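As the structure is a prediction and not an experimental result, all values here were calculated from the model. First the proteins, then the strands, lettered A, B, ... as listed; each starts at 1.
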Number of protein chains: 2
Amino acid sequence: MEIIRQVLERTGDKWTILVVASLQDGASRYTDLQRGVPGISQRMLTLTLRQLLRDGLITRTAYAEVPPRVEYALTSLGTSLLDTMLALIDWAGTHHEEIQQNQAQFDAASSA
Amino acid sequence: MEIIRQVLERTGDKWTILVVASLQDGASRYTDLQRGVPGISQRMLTLTLRQLLRDGLITRTAYAEVPPRVEYALTSLGTSLLDTMLALIDWAGTHHEEIQQNQAQFDAASSA
DNA sequence: CCGAATCCTATACGATACTG
DNA sequence: CAGTATCGTATAGGATTCGG
(Lines give C-alpha, C1' and ligand atoms only; values in the text may rest on other atoms or scores of the structure.)
Protein backbone atom coordinates (compact mmCIF):
# COMPACT_ATOMS: atom_id res chain seq x y z
CA MET A 1 0.00 0.00 0.00
CA GLU A 2 2.46 2.60 1.15
CA ILE A 3 5.20 0.77 -0.69
CA ILE A 4 3.22 1.14 -3.88
CA ARG A 5 2.97 4.86 -3.39
CA GLN A 6 6.72 5.05 -2.90
CA VAL A 7 7.64 3.11 -5.99
CA LEU A 8 5.25 5.25 -8.01
CA GLU A 9 6.82 8.41 -6.66
CA ARG A 10 10.16 7.14 -7.89
CA THR A 11 9.13 5.69 -11.23
CA GLY A 12 5.84 7.33 -12.05
CA ASP A 13 7.05 10.79 -12.90
CA LYS A 14 7.55 12.05 -16.39
CA TRP A 15 11.34 11.80 -16.75
CA THR A 16 13.05 9.47 -14.29
CA ILE A 17 12.77 6.27 -16.29
CA LEU A 18 13.71 8.03 -19.51
CA VAL A 19 16.86 9.42 -17.92
CA VAL A 20 17.76 6.04 -16.47
CA ALA A 21 17.16 4.39 -19.82
CA SER A 22 19.30 6.97 -21.54
CA LEU A 23 22.13 6.31 -19.12
CA GLN A 24 21.86 2.62 -19.83
CA ASP A 25 21.82 3.49 -23.50
CA GLY A 26 25.26 5.01 -23.29
CA ALA A 27 24.72 8.62 -22.29
CA SER A 28 26.88 9.80 -19.44
CA ARG A 29 27.29 13.57 -19.59
CA TYR A 30 24.73 16.26 -18.90
CA THR A 31 24.59 17.28 -22.55
CA ASP A 32 24.32 13.66 -23.67
CA LEU A 33 21.26 13.30 -21.49
CA GLN A 34 19.68 16.44 -22.87
CA ARG A 35 19.71 15.01 -26.35
CA GLY A 36 19.18 11.43 -25.16
CA VAL A 37 15.91 12.47 -23.54
CA PRO A 38 14.24 14.72 -26.11
CA GLY A 39 11.99 17.36 -24.65
CA ILE A 40 13.45 17.46 -21.18
CA SER A 41 14.16 20.91 -19.81
CA GLN A 42 17.39 21.77 -18.02
CA ARG A 43 15.39 22.27 -14.91
CA MET A 44 13.80 18.82 -14.98
CA LEU A 45 17.04 17.12 -15.96
CA THR A 46 18.79 18.71 -13.01
CA LEU A 47 16.00 17.85 -10.60
CA THR A 48 15.71 14.30 -11.89
CA LEU A 49 19.44 13.72 -11.62
CA ARG A 50 19.49 15.03 -8.08
CA GLN A 51 16.66 12.74 -7.10
CA LEU A 52 18.36 9.74 -8.69
CA LEU A 53 21.57 10.66 -6.96
CA ARG A 54 19.84 10.93 -3.63
CA ASP A 55 18.26 7.52 -4.05
CA GLY A 56 21.61 6.03 -4.96
CA LEU A 57 20.43 4.98 -8.40
CA ILE A 58 23.19 6.87 -10.18
CA THR A 59 26.64 8.22 -9.42
CA ARG A 60 28.06 11.61 -10.36
CA THR A 61 31.73 12.18 -11.08
CA ALA A 62 33.09 15.67 -11.72
CA TYR A 63 36.48 16.09 -13.33
CA ALA A 64 38.46 19.24 -12.53
CA GLU A 65 39.22 20.12 -16.10
CA VAL A 66 38.71 23.00 -18.49
CA PRO A 67 36.11 22.82 -19.82
CA PRO A 68 34.48 21.05 -16.88
CA ARG A 69 33.31 17.49 -17.39
CA VAL A 70 30.75 15.60 -15.32
CA GLU A 71 29.83 11.98 -15.86
CA TYR A 72 26.80 10.18 -14.59
CA ALA A 73 26.47 6.42 -14.40
CA LEU A 74 23.93 3.91 -13.18
CA THR A 75 24.70 2.07 -10.00
CA SER A 76 23.82 -1.60 -9.77
CA LEU A 77 20.71 -0.45 -7.93
CA GLY A 78 19.80 1.78 -10.84
CA THR A 79 20.39 -1.00 -13.32
CA SER A 80 18.19 -3.37 -11.36
CA LEU A 81 15.39 -0.81 -11.35
CA LEU A 82 15.62 -0.39 -15.09
CA ASP A 83 15.59 -4.14 -15.58
CA THR A 84 12.39 -4.35 -13.60
CA MET A 85 10.84 -1.46 -15.49
CA LEU A 86 11.72 -3.14 -18.77
CA ALA A 87 9.31 -5.91 -17.90
CA LEU A 88 6.59 -3.32 -17.60
CA ILE A 89 7.58 -1.66 -20.85
CA ASP A 90 7.53 -5.07 -22.47
CA TRP A 91 4.01 -5.61 -21.17
CA ALA A 92 2.98 -2.33 -22.71
CA GLY A 93 4.52 -3.23 -26.04
CA THR A 94 2.77 -6.57 -26.06
CA HIS A 95 -0.67 -5.22 -25.21
CA HIS A 96 -0.55 -1.78 -26.71
CA GLU A 97 -2.59 -2.63 -29.76
CA GLU A 98 -5.16 -4.52 -27.75
CA ILE A 99 -5.59 -1.56 -25.43
CA GLN A 100 -6.01 0.83 -28.33
CA GLN A 101 -8.75 -1.38 -29.74
CA ASN A 102 -10.45 -1.49 -26.35
CA GLN A 103 -10.38 2.28 -26.18
CA ALA A 104 -11.77 2.70 -29.66
CA GLN A 105 -14.57 0.29 -28.86
CA PHE A 106 -15.31 2.02 -25.58
CA ASP A 107 -15.39 5.44 -27.20
CA ALA A 108 -17.65 4.21 -29.96
CA ALA A 109 -20.04 2.71 -27.42
CA SER A 110 -19.99 5.89 -25.35
CA SER A 111 -20.93 8.18 -28.19
CA ALA A 112 -23.68 5.83 -29.32
CA MET B 1 10.37 6.23 -25.68
CA GLU B 2 6.78 7.01 -26.49
CA ILE B 3 5.80 3.60 -25.24
CA ILE B 4 7.35 4.46 -21.90
CA ARG B 5 5.30 7.61 -21.65
CA GLN B 6 2.17 5.59 -22.37
CA VAL B 7 2.79 2.95 -19.76
CA LEU B 8 3.54 5.66 -17.22
CA GLU B 9 0.31 7.42 -18.03
CA ARG B 10 -1.50 4.21 -17.30
CA THR B 11 0.38 3.05 -14.22
CA GLY B 12 2.11 6.13 -12.88
CA ASP B 13 -0.86 7.95 -11.49
CA LYS B 14 -1.79 7.96 -7.87
CA TRP B 15 -4.65 5.48 -7.81
CA THR B 16 -4.80 3.09 -10.75
CA ILE B 17 -2.55 0.38 -9.38
CA LEU B 18 -4.13 0.61 -5.95
CA VAL B 19 -7.58 0.11 -7.44
CA VAL B 20 -6.39 -2.80 -9.55
CA ALA B 21 -4.70 -4.35 -6.54
CA SER B 22 -7.84 -3.93 -4.48
CA LEU B 23 -9.88 -5.68 -7.15
CA GLN B 24 -7.42 -8.53 -7.14
CA ASP B 25 -7.68 -8.52 -3.37
CA GLY B 26 -11.35 -9.36 -3.49
CA ALA B 27 -13.13 -6.02 -3.76
CA SER B 28 -15.76 -5.85 -6.44
CA ARG B 29 -18.31 -3.18 -5.61
CA TYR B 30 -17.91 0.57 -5.62
CA THR B 31 -18.18 0.80 -1.87
CA ASP B 32 -15.73 -2.06 -1.42
CA LEU B 33 -13.19 -0.14 -3.44
CA GLN B 34 -13.69 3.01 -1.41
CA ARG B 35 -12.66 1.24 1.73
CA GLY B 36 -10.19 -1.04 -0.07
CA VAL B 37 -8.28 2.01 -1.29
CA PRO B 38 -8.12 4.30 1.75
CA GLY B 39 -7.97 7.97 0.97
CA ILE B 40 -9.41 7.82 -2.52
CA SER B 41 -12.11 10.37 -3.26
CA GLN B 42 -15.31 9.47 -5.03
CA ARG B 43 -14.20 11.62 -7.91
CA MET B 44 -10.91 9.81 -8.38
CA LEU B 45 -12.44 6.39 -7.90
CA THR B 46 -14.99 7.14 -10.60
CA LEU B 47 -12.39 8.56 -12.97
CA THR B 48 -9.96 5.72 -12.36
CA LEU B 49 -12.64 3.10 -12.95
CA ARG B 50 -13.68 4.76 -16.17
CA GLN B 51 -10.11 4.82 -17.41
CA LEU B 52 -9.59 1.17 -16.50
CA LEU B 53 -12.84 0.32 -18.20
CA ARG B 54 -11.83 2.19 -21.33
CA ASP B 55 -8.50 0.38 -21.47
CA GLY B 56 -10.25 -2.95 -21.05
CA LEU B 57 -8.45 -3.71 -17.80
CA ILE B 58 -11.68 -4.20 -15.88
CA THR B 59 -15.29 -5.04 -16.55
CA ARG B 60 -18.37 -3.42 -15.09
CA THR B 61 -21.59 -5.29 -14.48
CA ALA B 62 -24.71 -3.51 -13.27
CA TYR B 63 -27.57 -5.49 -11.77
CA ALA B 64 -31.07 -4.07 -12.06
CA GLU B 65 -32.00 -4.53 -8.44
CA VAL B 66 -33.17 -2.44 -5.54
CA PRO B 67 -30.87 -1.27 -4.13
CA PRO B 68 -28.72 -1.13 -7.27
CA ARG B 69 -25.61 -3.27 -7.36
CA VAL B 70 -22.58 -2.84 -9.60
CA GLU B 71 -19.66 -5.22 -9.73
CA TYR B 72 -16.23 -4.58 -11.15
CA ALA B 73 -13.74 -7.29 -12.01
CA LEU B 74 -10.30 -7.52 -13.54
CA THR B 75 -10.05 -8.82 -17.06
CA SER B 76 -7.17 -11.11 -17.91
CA LEU B 77 -5.47 -8.03 -19.33
CA GLY B 78 -5.87 -6.27 -16.00
CA THR B 79 -4.53 -9.27 -14.13
CA SER B 80 -1.50 -9.44 -16.37
CA LEU B 81 -0.77 -5.77 -15.73
CA LEU B 82 -0.96 -6.29 -12.00
CA ASP B 83 1.33 -9.29 -12.22
CA THR B 84 3.89 -7.16 -14.01
CA MET B 85 3.54 -4.37 -11.51
CA LEU B 86 4.04 -6.82 -8.67
CA ALA B 87 7.58 -7.36 -9.88
CA LEU B 88 8.17 -3.66 -9.53
CA ILE B 89 6.59 -3.57 -6.11
CA ASP B 90 8.76 -6.51 -5.15
CA TRP B 91 11.82 -4.58 -6.31
CA ALA B 92 10.78 -1.69 -4.11
CA GLY B 93 10.29 -3.95 -1.12
CA THR B 94 13.68 -5.50 -1.61
CA HIS B 95 15.57 -2.25 -1.95
CA HIS B 96 13.49 0.06 0.16
CA GLU B 97 15.82 0.04 3.12
CA GLU B 98 18.90 0.51 0.97
CA ILE B 99 17.32 3.51 -0.72
CA GLN B 100 16.41 5.07 2.59
CA GLN B 101 19.98 4.72 3.75
CA ASN B 102 21.23 6.30 0.53
CA GLN B 103 18.90 9.22 1.05
CA ALA B 104 19.97 9.71 4.64
CA GLN B 105 23.61 9.65 3.60
CA PHE B 106 22.97 12.07 0.75
CA ASP B 107 21.08 14.47 2.99
CA ALA B 108 23.79 14.34 5.62
CA ALA B 109 26.45 15.09 3.02
CA SER B 110 24.38 17.91 1.57
CA SER B 111 23.91 19.72 4.85
CA ALA B 112 27.58 19.37 5.69
C1' DC C 1 -25.87 2.40 -3.54
C1' DC C 2 -23.47 4.45 -7.33
C1' DG C 3 -22.12 7.85 -9.08
C1' DA C 4 -21.90 13.17 -11.70
C1' DA C 5 -20.94 18.17 -11.38
C1' DT C 6 -18.75 22.10 -9.63
C1' DC C 7 -15.33 24.60 -7.30
C1' DC C 8 -10.81 25.20 -5.53
C1' DT C 9 -5.85 24.49 -4.62
C1' DA C 10 -1.25 22.47 -4.73
C1' DT C 11 2.29 21.08 -7.36
C1' DA C 12 4.60 19.58 -11.40
C1' DC C 13 6.46 21.29 -15.19
C1' DG C 14 8.06 24.48 -19.02
C1' DA C 15 10.30 28.90 -20.56
C1' DT C 16 13.57 32.07 -19.94
C1' DA C 17 17.51 34.32 -18.20
C1' DC C 18 21.69 34.08 -15.72
C1' DT C 19 26.35 31.89 -13.24
C1' DG C 20 30.97 29.23 -11.96
C1' DC D 1 29.94 22.59 -20.11
C1' DA D 2 26.99 22.11 -16.39
C1' DG D 3 24.19 23.83 -14.00
C1' DT D 4 20.84 27.62 -10.86
C1' DA D 5 17.01 31.04 -10.15
C1' DT D 6 12.74 33.00 -11.09
C1' DC D 7 8.43 33.21 -13.03
C1' DG D 8 4.12 31.62 -15.12
C1' DT D 9 0.78 28.01 -16.17
C1' DA D 10 -1.63 23.65 -16.81
C1' DT D 11 -3.27 19.91 -14.63
C1' DA D 12 -4.11 16.46 -11.06
C1' DG D 13 -6.66 15.79 -7.51
C1' DG D 14 -9.43 16.98 -2.97
C1' DA D 15 -13.83 18.75 -0.89
C1' DT D 16 -18.39 19.39 -1.32
C1' DT D 17 -22.88 19.10 -3.10
C1' DC D 18 -26.41 17.02 -5.87
C1' DG D 19 -28.96 13.25 -8.85
C1' DG D 20 -31.06 8.36 -10.56
- request: Go through the steps for A:V37 and A:L45 under the test side chain to side chain contact (heavy atoms under 4.5 Å, CB included), then give the verdict.
  value: CA-CA 9 Å; A:V37 184; A:L45 179 53; 5.9 Å; no

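- As a whole-Å value, the separation of B:L8 CG from D:dT11 P is 18 Å.
- At D:dC1, none of the side-chain N or O atoms of A:Y72 fall inside 4.0 Å of OP1 or OP2 (strictly under the cut-off).
- Counting non-hydrogen atoms of other residues, nucleotides and ligands closer than 6.0 Å to CD of B:E71 gives a total above 12.
- Nearest-nucleotide mapping onto DNA chain D: of A:P67 and A:L47, the residue sitting toward the 5' end is A:P67.
- The distance from atom CG of A:L45 to atom C1' of D:dT4 is 13 Å, rounded to the nearest whole Å.
- B:E97 is linked by a salt bridge (Lys or Arg N to Asp or Glu O under 4.0 Å) to nothing, counting only residues two or more places apart in sequence or in another chain.
- In this structure, the side chain of A:D32 engages the main chain of A:R29 through a donor-acceptor pair within 3.5 Å.
- Because its NZ or CZ atom is not both nearer than 6.0 Å to the ring centre of A:W91 and within 45° of the ring axis, B:R10 does not count as a cation-pi partner of that residue.
- Residues of residues 24-38 of chain B that place a heavy atom closer than 4.0 Å to DNA chain C, in numerical order, are B:R29, B:Y30, B:T31.
- Nucleotide C:dC2 holds its P atom 9 Å from the CD atom of B:E71, rounded to whole Å.
- The backbone N or O of B:Q42 sits less than 3.5 Å from a side-chain atom of B:Y30, completing a donor-acceptor pair.
- In the model, A:T16 has a side-chain atom that pairs as donor or acceptor with a side-chain atom of A:D13 under 3.5 Å.
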query: Once each nucleotide of nucleotides 5-20 of chain C is scored for protein heavy atoms under 4.0 Å, what B/S/- sequence comes out, 5' to 3'?
result: -B------BBB-B--B

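- Residue A:Y63 has no polar side-chain atom (N or O) positioned under 4.0 Å from OP1 or OP2 of D:dA2.
- Crowding of A:E98 atom CD: a count of heavy atoms from other residues, nucleotides or ligands under 6.0 Å exceeding 12.
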- request: Would you please test A:L81 and A:T11 for side chain to side chain contact (heavy atoms under 4.5 Å, CB included) and show each step?
  value: CA-CA 9 Å; A:L81 173 60; A:T11 63; 3.9 Å; yes

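- Summarising the geometry, the separation between CD on B:E9 and C1' on D:dT11 is reported as 12 Å, rounded to the nearest angstrom.
- Here the P atom of nucleotide D:dA2 and the CD atom of A:E65 are 10 Å apart, to the nearest Å.
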